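Down below is the structure, laid out as structure tokens.
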Amino acid sequence: MSAVRGLRSRVLTGMPGGGWRAHWKDEGPNGTPLTEQVLAWLITATGRATPITVDATGHVDDAEGADRLIPPEED
């Protein structure tokens, strides 16, 4: 999984995404906005929480480069 290999600290646990979403201003088709559900959060030994997303084709990646993380209660 590419998302795990890019982390600089050991992963201690994973937590459900909890309804969070990752948003990129121009990563969709032809530079359009893209929003994906956060599948899980990886918690590292340093206390960092890394959002992990999965797209419609099943590709799993981290969302650290997202322009914004949207909490569940925000539309």
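Hydrogens, waters and symmetry mates are skipped; everything else that's a heavy atom, side chains included, is used. Bear in mind that the values here come from a model prediction, so they are computed numbers and not experimental data.
Two residues are said to be in side-chain contact when any heavy atoms from C-beta on lie closer than 4.5 Å; Thr50 and Glu64 meet this criterion. Within the 4.5 Å cutoff, no side-chain heavy atoms of Leu39 are placed close to those of Thr53.
For the residue pair Ala22 and Ala63, the shortest heavy atom distance occurs at CB-CB, 3.7 Å.
At distances below 3.5 Å, at least one donor-acceptor pair connects side-chain atoms of Asp67 with backbone N or O atoms of Lys25.
Taking OG1 of Thr13 as the start and CG of Leu42 as the end, the distance is 9.0 Å to the nearest 0.5 Å. Atoms OG1 and NE2, from Thr35 and His23 in turn, are 5.0 Å apart once rounded to the nearest 0.5 Å. The structure places CG of Asp61 at 8.5 Å from CD of Glu36, a figure rounded to the nearest 0.5 Å.
Val60 and Leu34 are assigned to two separate hydrophobic clusters, defined by single-linkage of ILVMFWY side chains at heavy-atom distances under 4.5 Å.
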>> Please evaluate residues Asn30 and Thr32 with respect to the criterion side chain to side chain donor-acceptor pair (under 3.5 Å), reporting the C-alpha separation (whole Å), side-chain torsions for both, the decisive distance (0.1 Å), and the verdict.
In response: CA-CA 6 Å; Asn30 300 316; Thr32 59; over 6 Å; no
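Other residues sharing the hydrophobic cluster of Trp41, ordered by chain and number and joined by side-chain separations under 4.5 Å: Met15, Trp20, Val38, Ile43, Leu69.
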